[in-house]
There are 2 protein chains.
Amino acid sequence: MSKLTIKDIAREAGVSTATISRVLNNSGYVSQDVKQQVLEVIRKFNYQPNAIARSLKQEKSRSIGIVLPDMTNPYFMKIARAIQHRCFQEGYHLLFVDTEENPDKEREALDFLTEKRIEALILAGTGANRDQIQAISDSGIHVILIDRRFSNLKLDTVTEDNIYAAKSAIEFLLEKNHQQIGMIHGPQSISTAKERKQGATLALQEAGITLTPELVFEGDYSRESGIAAIRHFCELPERPTAIFSTNNEMTFGIYLGLQEMGIPLDSIEIVSFGNLEFSSLFEHQLTVIMQNPQELGDTAGDLLIRRLSGGEEVEAPQNRILMPRLIQLSP
Amino acid sequence: MSKLTIKDIAREAGVSTATISRVLNNSGYVSQDVKQQVLEVIRKFNYQPNAIARSLKQEKSRSIGIVLPDMTNPYFMKIARAIQHRCFQEGYHLLFVDTEENPDKEREALDFLTEKRIEALILAGTGANRDQIQAISDSGIHVILIDRRFSNLKLDTVTEDNIYAAKSAIEFLLEKNHQQIGMIHGPQSISTAKERKQGATLALQEAGITLTPELVFEGDYSRESGIAAIRHFCELPERPTAIFSTNNEMTFGIYLGLQEMGIPLDSIEIVSFGNLEFSSLFEHQLTVIMQNPQELGDTAGDLLIRRLSGGEEVEAPQNRILMPRLIQLSP
DNA sequence: TTGTAGGCGTTATCAA
DNA sequence: TTGATAACGCCTACAA
């Protein structure tokens with residue numbers, strides 16, 4: 001029942017373990033005859049080398065930690081899949097952890113991963129655990145922050161330009177002569193949410209428009225907060241004619257809210273971050289900021305492999321920034 | 001830069017490595033004084049034991065392999081999350097692999113995982129690699145098939161009752177007096193797709209209705225095949241008045257197809273497997289077979305932990321079957 | 001209560 | 001071209 005070891009194979013093939021190892025790794029010299037014979041025995045007994053022992057000996061885990069805030073969110077999983085592709089190609093594998101946006105779980109996850117001796121860490125963080133992350137980087141583990149980043153931390157990042165995208169979104173609405181633009185933001189502990197708010201605010205400032213506090217709703221990236229935003233906006237003397245929403249879940253909530261209040265969906269113009277595929281199925285005015293998780297994952301994967309296989313020359317931290325595109329879905 | 005070992009800590013604390021190990025594992029005797037002192041040193045140097053070495057010594061990886069056909073599909077990831085919860089609680093962790101429905105990738109994944117000495121395998125398979133999976137089970141690794149199963153394989157399974165659900169779906173449409181029911185099925189290599197087709201066929205038979213081949217469209221669980229189905233149905237002399245779709249992606253395709261053909265979405269009644277959250281946003285007649293990935297994950301997690309911590313008594317394979325519910329979303 | 005030492009399954013160095 | 005053998009970092013009899 002218990003697994004065969006290299007010794008069993010060596011005995012069976014009548015050679016030393018060293019020879020088996022050489023065959024396994026295509027390293028050193030080994031005559032064709034012996035090689036064939038050894039391969040035969042390996043196949044016959046379906047021997048599989050113990051990756052744990054190999055890792056210990058080589059002092060290389062060949063594993064990469066990836067820490068995400070929500071494994072059920074396809075956005076993050078598309079990033080993860082792209083990275084996994086690249087890693088498998090190069091003989092690495094991923095250790096996933098889902099923090100569910102919980103800083104405590106994140107801390108535990110990071111401890112767990114360092115004990116597992118990951119060679120690199122890919123992180124879309126909760127916003128907490130700065131010091132621990134810095135320490136991991138200092139200890140020689142390559143760290144790449146994806147989607148979300150920390151200010152003043154000298155680490156590799158691959159992110160989208162949220163400020164620019166949010167700014168464009170507001171400018172788009174201003175060009176269409178909207179005077180009352182409602183906004184719904186995400187948790188300000190998350191860098192993307194903060195930057196989207198910054199970008200939107202910046203666009204209004206540049207247009208010389210003073211921010212009306214009643215038109216700014218602080219949501220939490222959840223569907224419920226989208227509904228809540230609509231309830232709030234409907235209580236205002238002057239309802240917004242357009243809404244800028246900083247993620248797709250909240251936008252879905254907005255539609256649900258409008259429906260709940262009996263307001264026609266096409267009576268309000270919406271610009272939203274994220275994918276809203278279903279939107280083509282009904283009449284309304286929607287523009288989305290299309291993100292590109294696959295490109296983000298590919299970029300992070302390339303950077304990762306470069307860091308892992310790169311020589312000793314310590315490069316400066318890389319900051320790759322992708323540009324989301326504004327896509328108008330309705331005329 | 002390189003990590004500290006138990007020896008370093010032993011030297012630093014002026015005790016033997018055995019003592020350090022005892023402190024780390026709360027095993028054996030160790031005086032309070034020494035224990036405190038050791039903990040102090042561990043904290044001071046931020047020592048983290050090497051999980052790889054520990055695994056090798058204990059001949060326990062404490063890792064569970066989980067193989068899924070699509071990591072970007074929230075259905076599977078909700079299952080995975082539930083399992084991960086349970087595993088972390090018990091000190092195990094998950095090794096994820098996404099096969100992208102590719103049997104070759106699946107085979108590679110299984111090899112990879114067995115080399116990593118997983119203690120259990122959770123699998124939503126492509127339908128191939130039967131022998132390899134059986135061999136894994138025979139070698140003493142607990143195997144639990146989720147969502148999809150193999151006929152005639154004596155393994156634990158946690159699945160949904162697809163036959164029953166599909167049968168109910170058709171019965172529901174028959175009760176509403178639909179005479180022309182179109183069906184779109186998934187790839188018959190996947191057990192769920194096959195069972196859904198079986199269930200639907202069974203319901204028609206029991207109602208004494210002969211199957212019209214033109215009304216049965218063989219799709220592949222993709223959005224495109226949903227569109228293709230509509231194009232096909234529209235070419236028939238007599239269009240179906242209702243459609244039974246065996247997954248949500250194809251149903252989305254159906255809506256897109258209807259829109260493309262200029263057919264009002266509410267002119268055709270649909271029953272579909274899977275979640276279609278957006279559906280409440282427009283007028284149409286939709287009934288869904290609501291699946292419960294979290295319950296499936298919880299069930300699999302419980303079974304898994306029982307297998308892992310269960311004594312030597314070999315229990316017969318368990319087959320847990322969950323009942324999906326038919327939910328009418330429109331009057 | 002603590003320490004010594006052997007071994008988990010590999011790989012890699014050195015001889016032969 | 002092959003074989004002995006010493007690690008890798010940890011745990012655990014067994015001694016002390």
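Just so it is clear: chains get the letters A, B, ... in the order the sequence lines come, proteins before strands, and each one is counted from 1.
Whole-Å rounding puts the A/K60 NZ to D/dG9 P distance at 13 Å. In this structure, B/L56 places its CG atom 13 Å from C1' of C/dT11, rounding to the nearest Å. To the nearest angstrom, C1' of D/dA13 lies 10 Å from CZ of B/R22. Rounded to an integer number of Å, the gap from B/R11 CZ to C/dT4 P is 14 Å. The distance from atom CD of B/Q58 to atom P of D/dA13 is 11 Å, rounded to the nearest whole Å.
Between B/T17 and A/I6, the residue anchored nearer the 5' end of DNA chain C, judged by the nucleotide with its closest heavy atom, is B/T17. In terms of position along DNA chain C, the nucleotide closest to A/K7 lies nearer the 5' end than the nucleotide closest to the other residue of the pair A/S21 and A/K7.
Between B/R54 and D/dC11, a side-chain N or O to OP1/OP2 separation shorter than 4.0 Å is present. At D/dT12, none of the side-chain N or O atoms of B/Y29 fall inside 4.0 Å of OP1 or OP2 (strictly under the cut-off). Between A/S31 and the phosphate of D/dT2, there is a side-chain N or O to OP1/OP2 separation shorter than 4.0 Å. For the OP1/OP2 pair of D/dC8 and a distance below 4.0 Å, the side-chain nitrogens and oxygens of B/N50 include no atom meeting the criterion. Of the side-chain N and O atoms in B/S16, none sit less than 4.0 angstrom from OP1 or OP2 of C/dT2.
Note on A/R130 versus A/E106: no salt bridge recorded, every NZ/NE/NH1/NH2 to OD/OE distance being 4.0 Å or above. Between A/E90 and A/R62 no salt bridge is recorded (no basic side-chain N to carboxylate O distance below 4.0 Å). In this structure, B/E100 pairs ionically with B/K105, as a charged nitrogen and a carboxylate oxygen lie closer than 4.0 Å. Salt-bridge annotation for A/D70 and B/R81: present, with a side-chain N of the basic residue lying under 4.0 Å from a carboxylate O of the acidic one.
In terms of polar N and O atoms assigned as donor or acceptor, the side chain of A/K57 comes within less than 3.5 Å of the base of D/dA7 in a complementary pairing.
When distances are taken from the side chain of B/A18 to each of C/dT4, D/dG3, C/dT2, the shortest belongs to C/dT4.
Of the residues listed (A/N319, A/D298, A/I321, A/T299), the one engaging A/V158 in a side-chain contact (heavy atoms from CB on, under 4.5 Å) is A/T299, and it is the only one.
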